[in-house]
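What you see below is based on every heavy atom in this structure, not just the backbone, and it leaves out hydrogens, waters and symmetry mates.
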Amino acid sequence: MLDLTSLEARSEQFEKNAAAHKNRIVICAGTGCIANGALKIYSRFMELAEKHDFSFDVALEKEAGGDVALSMSGCQGFCQMGPLVHVVKEKVLYVRVKPEDVEEIVTETLLGGKIIDRLIYRLPSTGEAIADEHDIPFYARQKRLLLQLCGNIDASSMDEYIFHGGYFQAREAVKKMTDVEICNEILASGLRGRGGGGFPTGTKWDITRKNEADIKYVICNGDEGDPGAFMDRCLLEGNPHSVLEGMIIAAMAVNAEEGYIYVRMEYPLACERLKLAISQAREAGILGSNIFGSGKRFDIHIMEGAGAFVCGEETALIASIEGKRGMPTLKPPFPAEVGLFGKPTVINNVETLAAVPLVMRMGSKEYAKLGTANAKGTKTFALTGHVANTGLIEVPFGVTLREIVKDIGGGVIDDDGNLVRDAKGDLAPTDYKAVQIGGPSGGCLTQEHLDLPLDYDNLKTVGAMVGSGGIVVMNQKTCMVKIARYFMQFTQNESCGKCVVCREGTRQMLAILDQVSEGEATVETITLLEELANTVKIGSLCALGKTAPNPVLSSLKHFRDEVMAHVVEKRCPTGSCEALCCYVIIPEKCKGCTLCARKCPVECIAGEKGKPFVIDGEKCIKCGACAEACKFGAVTKG
């Protein structure tokens with residue numbers, strides 16, 4: 001019988017079972033791919049096995065019971081191309097797979113060893129087909145350390161995590177290292193918090209370690225609420241054991257006995273896989289009253305949050321776990337001194353804790369070689385917006401926007417999904433208007449920041465921040481007033497209301513942005529907006545309020561001319577603000593067919609048949625009937 005407490009025995013057994021299979025298929029089963037049909041693809045594989053007289057083995061912890069291993073991973077990162085199916089032996093990644101494609105994969109690839117050309121990835125710029133994911137620029141230009149296992153191992157298999165070195169560092173910390181040694185190793189690595197604040201992790205642990213108490217706590221902050229951010233969710237779904245191992249090491253560093261993972265209830269798959277992982281770890285003696293047979297106790301509980309953005313702030317999160325309303329409190333005291341239930345508490349986000357076993361495995365010196373002088377290691381980002389390749393990426397600190405947008409993202413796209421090209425027809429892969437980094441707490445970066453090395457300090461100097469890691473790329477047709485309003489709407493809705501400055505300040509900023517987008521603002525209004533933004537930034541109690549004005553201030557800093565066009569000229573340069581958009585007829589495209597004039601309900605279009613027509617802007621009610629009627633694309637917003 002397998003010794004459940006022996007990591008070596010479990011690793012050897014897994015290796016033996018895996019080697020017994022002729023091939024392996026890994027289906028991406030992150031939330032995005034599941035939403036697009038990954039579970040139906042999995043079921044279809046199982047149906048076809050019987051039809052073609054071979055079998056799948058879906059549990060590699062047991063002795064091989066099938067010809068091909070079939071497993072579901074967490075997010076493989078390439079969300080733009082999902083659902084993804086990786087056939088390991090042939091080293092081929094199939095993209096945008098549908099259930100009806102599965103039989104061809106079985107007959108052609110599994111049974112015939114052939115690659116299906118129509119299902120492999122093609123470069124958007126040239127159309128070149130690439131089968132091996134390691135050769136796809138989206139993957140090849142990254143440094144996937146945290147995400148290496150996330151999209152490759154069976155998300156439900158603890159033994160596969162152990163096979164790849166999992167829990168060995170936790171065992172080392174529990175049985176062989178002192179709390180001081182652990183803190184010093186993390187300090188030497190330069191690991192900083194990945195949740196936005198960037199506070200040195202080792203320092204936070206050491207402060208907590210030095211505070212004496214009858215019980216201490218470790219909390220994993222999985223309350224990821226930024227629009228477009230899904231880094232923590234993917235780690236929890238794809239490699240939950242790495243987070244548990246990081247928490248165990250943190251507990252040994254501060255002498256804690258209880259841990260909580262705070263996950264928002266909108267992440268049901270993450271909660272499901274976390275519960276399974278915790279159950280497996282308890283069964284193996286990795287969690288519980290006698291971890292690794294050491295006589296030490298540490299256990300982990302899951303707390304599902306109701307989805308309040310403010311609960312990402314550590315004191316509000318603590319209040320929520322305690323059963324109170326999630327609202328921030330003044331600091332000091334900090335949680336390291338007075339935290340959960342009044343006891344010293346370490347709070348780190350998911351990505352920080354998942355990085356801890358990696359730091360211990362690599363060694364602090366090797367880990368510290370990655371990144372920049374003040375930001376060590378790698379950072380995951382959710383890359384979204386007007387970019388050819390969207391998804392979850394991981395890069396070392398110090399990478400530039402040019403590398404992210406052009407090399408990994410594949411270039412900027414227009415509103416129709418086509419790569420942006422210059423006047424000569426050549427690709428203009430970095431012709432973006434702005435990049436919003438750090439979510440609603442962050443700021444805009446422009447083309448002048450293309451070669452700025454991204455880290456905590458550099459971003460701060462230009463009015464932005466790493467934040468949790470959201471990157472939204474915007475093309476030239478994006479209205480920056482609407483973007484600022486979008487983020488302000490979010491923060492205003494999510495303000496807990498405890499302090500007046502944030503509660504009322506965000507409401508008034510939103511109202512002013514409405515005035516700007518509707519053409520009702522004046523120059524004095526913009527001055528008031530700036531004063532109000534700075535007041536909210538200075539006077540708010542917690543980080544939500546203090547950073548809420550960042551998108552507004554950065555838009556005013558980098559795109560003031562565009563904002564003032566809304567105010568002074570009563571015109572939206574991108575034609576995005578309905579109240580300010582004016583319909584115009586492009587003379588070169590107009591055939592003089594009169595159709596637009598006949599459809600206009602207020603008769604504001606005039607001209608001579610066969611010649612270009614003209615719209616009277618003062619009479620136009622901006623209904624868009626002319627644009628809908630035109631068959632030649634001559635009517636556009638100006």
Exercise for the section: State, to 0.1 Å, how close T378 and E394 come at their nearest heavy-atom pair, and which atoms those are. Expected result: OG1-OE2, 2.6 Å
Practice task
Decide, yes or no, whether a salt bridge links D214 with K343 under the criterion of side-chain N to carboxylate O below 4.0 Å.
Solution key: yes
Problem - Any donor-acceptor pair under 3.5 Å from N389 side chain to I408 backbone - result: yes
Problem - Nearest-0.5 Å distance that lies between atom OH in Y139 and atom CG in L147 - result: 10.0 Å
Practice task
For residues G74 and A155, report the shortest heavy-atom separation together with the two atoms involved.
Solution key: N-CB, 4.1 Å
Practice task
In sequence, state the C-alpha distance, the side-chain angles, and the governing distance for T352 and N349, and then conclude on side-chain hydrogen bond (donor to acceptor under 3.5 Å, both in side chains).
Solution key: CA-CA 5 Å; T352 311; N349 89 316; 2.5 Å; yes
Handout entry: Atom CZ of R297: over 12 foreign heavy atoms under 6.0 Å
Key = yes
Completion exercise
One should read off an interatomic distance between L146 CG and S242 OG, to the nearest 0.5 angstrom, of 7.0 Å
Exercise for the section: Ignoring hydrogens and angles, state whether a donor on the side chain of N152 or S73 is under 3.5 Å from an acceptor on the partner side chain. Expected result: no
Practice task
Taking the side chain as every heavy atom from C-beta outward, state whether L191 and P200 have any atom pair closer than 4.5 Å.
Solution key: no
Handout entry: Contact summary for F487 and G439, nearest pair of heavy atoms
Key = CE2-C, 3.9 Å
Exercise for the section: Return the minimal non-hydrogen interatomic distance between E224 and D232, and the atom names on each side. Expected result: OE2-N, 2.8 Å
Problem - Residues V263, D223; criterion side chain to side chain contact (heavy atoms under 4.5 Å, CB included); working and verdict - result: CA-CA 5 Å; V263 189; D223 191 62; over 6 Å; no
Problem - Chi angles and distances behind the side chain to side chain contact (heavy atoms under 4.5 Å, CB included) call for N374, Y456 - result: CA-CA 8 Å; N374 296 317; Y456 300 100; over 6 Å; no
Handout entry: Donor-acceptor under 3.5 Å (K175 side chain, S294 main chain)
Key = no
Handout entry: Polar side chain donor-acceptor pair, D159 to S157, under 3.5 angstrom
Key = no
Practice task
Drop me the distance from M231's CE to T380's OG1, to the nearest 0.5 angstrom.
Solution key: 5.5 Å
Practice task
Please check if the side chain of E313 supplies one atom and the backbone of C542 the other of a donor-acceptor pair under 3.5 Å.
Solution key: no
Exercise for the section: Quick one: do V466 and L454 satisfy side chain to side chain contact (heavy atoms under 4.5 Å, CB included)? Show the steps, please. Expected result: CA-CA 8 Å; V466 173; L454 301 185; over 6 Å; no
Exercise for the section: Answer yes or no: is there a donor N or O on one side and an acceptor on the other, between the side chain of D179 and the main chain of M252, under 3.5 Å? Expected result: no
Practice task
Answer yes or no: is there an ion pair linking R233 with E266, defined by an N-O contact shorter than 4.0 Å?
Solution key: no
Handout entry: Any K376 side-chain heavy atom under 4.5 Å of R192 side chain
Key = no
Problem - Side chain to side chain, I437 and L459, heavy atoms closer than 4.5 Å - result: yes
Exercise for the section: May I ask you to check if K296 and F292 form a cation-pi contact, with NZ or CZ under 6.0 angstrom from the six-membered ring centre and within 45° of the axis? Expected result: no
Problem - Electrostatic pair E351:K379 at N-O distance under 4.0 angstrom - result: yes
Exercise for the section: Show the numbers, then the answer: is there a salt bridge (charged side-chain N to carboxylate O under 4.0 Å, His left out) between E181 and K176? Expected result: CA-CA 10 Å; E181 288 173 335; K176 296 183 180 180; over 6 Å; no
Practice task
Grab the two heavy atoms, one from L370 and one from M362, that are nearest each other, plus how far apart they are.
Solution key: CD1-CE, 4.1 Å
Fill in the blank from the handout: So CZ of F397 and CZ of R194: to nearest 0.5 Å the spacing works out to 4.0 Å
Practice task
Establish, from distance only, whether the side-chain atoms of Y262 and E304 form a donor-acceptor pair under 3.5 Å.
Solution key: no
Problem - Lys/Arg cation over aromatic F168: R361, 6.0 Å, 45° cone - result: no
Exercise for the section: Return yes if a side-chain donor-acceptor contact under 3.5 Å exists between Y217 and E257, otherwise no. Expected result: no
Practice task
Before giving the answer on salt bridge (charged side-chain N to carboxylate O under 4.0 Å, His left out), spell out for E8 and R171 the whole-Å C-alpha distance, their side-chain angles and the decisive distance to 0.1 Å.
Solution key: CA-CA 12 Å; E8 288 81 4; R171 187 177 66 180; 2.6 Å; yes
Problem - Side chains of E403 and T400, donor plus acceptor under 3.5 Å - result: yes
Handout entry: Within-4.5 Å side-chain heavy-atom neighbours: K204 and N348
Key = yes
Handout entry: Over 12 non-hydrogen atoms of neighbours within 6.0 angstrom of NZ in K546
Key = yes
Problem - Carboxylate-amine/guanidinium proximity below 4.0 Å for R144 and E133 - result: no
Exercise for the section: Please answer whether the main-chain N or O of L340 pairs with a side-chain N or O of T345 as donor and acceptor at a distance below 3.5 Å. Expected result: yes
Handout entry: Heavy-atom side-chain contact between K498 and C502 under 4.5 Å
Key = no
Problem - Min side-chain heavy-atom separation P344-E337 under 4.5 Å - result: no
Exercise for the section: State plainly whether the residues K460 and D457 are in salt-bridge range, i.e. N to O under 4.0 Å. Expected result: no
Practice task
For the pair K216 (side chain) and T208 (backbone), establish whether a donor and an acceptor sit closer than 3.5 Å, ignoring hydrogens and angles.
Solution key: yes
Handout entry: Separation between CD of E245 and CG of L353, rounded to the nearest 0.5 Å
Key = 11.5 Å
Handout entry: Close side-chain approach of I162 to M158, heavy-atom, < 4.5 Å
Key = yes
Practice task
Compare all side-chain heavy atoms of S495 with those of V310 and state whether any distance is below 4.5 angstrom.
Solution key: no
Practice task
Classify the side-chain pair Q80/T390 by whether it contains a donor and acceptor separated by less than 3.5 Å.
Solution key: yes
Handout entry: Plane angle bin for H301 and Y260 - parallel if under 30°, tilted between 30 and 60°, otherwise perpendicular
Key = tilted
Exercise for the section: Would you please test V473 and L401 for side chain to side chain contact (heavy atoms under 4.5 Å, CB included) and show each step? Expected result: CA-CA 10 Å; V473 181; L401 274 181; over 6 Å; no
Exercise for the section: Give a yes or no on whether the backbone of L287 and the side-chain of D299 come within a donor-acceptor separation of less than 3.5 Å. Expected result: no
Problem - Polar contact flag, side-chain donor to acceptor under 3.5 angstrom, T203-D206 - result: no
Practice task
For S189 and I186, indicate whether the former's side chain and the latter's backbone hold a donor-acceptor pair under 3.5 Å.
Solution key: yes
Fill in the blank from the handout: What one should report as the nearest heavy-atom pair of T315 and T329 is OG1-N, 3.0 Å
Practice task
Please confirm whether the backbone N or O of F298 pairs with a side-chain atom of E258, one donor and one acceptor, at under 3.5 Å?
Solution key: no
Handout entry: Distance flag, aromatic centroids of H164 and H241, threshold under 6.0 Å
Key = no
Exercise for the section: Output the distance between atom CE (M488) and atom CG (N493), rounded to the nearest 0.5 Å. Expected result: 11.5 Å
Practice task
Determine, for E530 against K557, whether the closest basic-nitrogen to carboxylate-oxygen distance falls under 4.0 angstrom.
Solution key: no
Problem - E185 side chain to I182 backbone, donor-acceptor under 3.5 Å - result: no
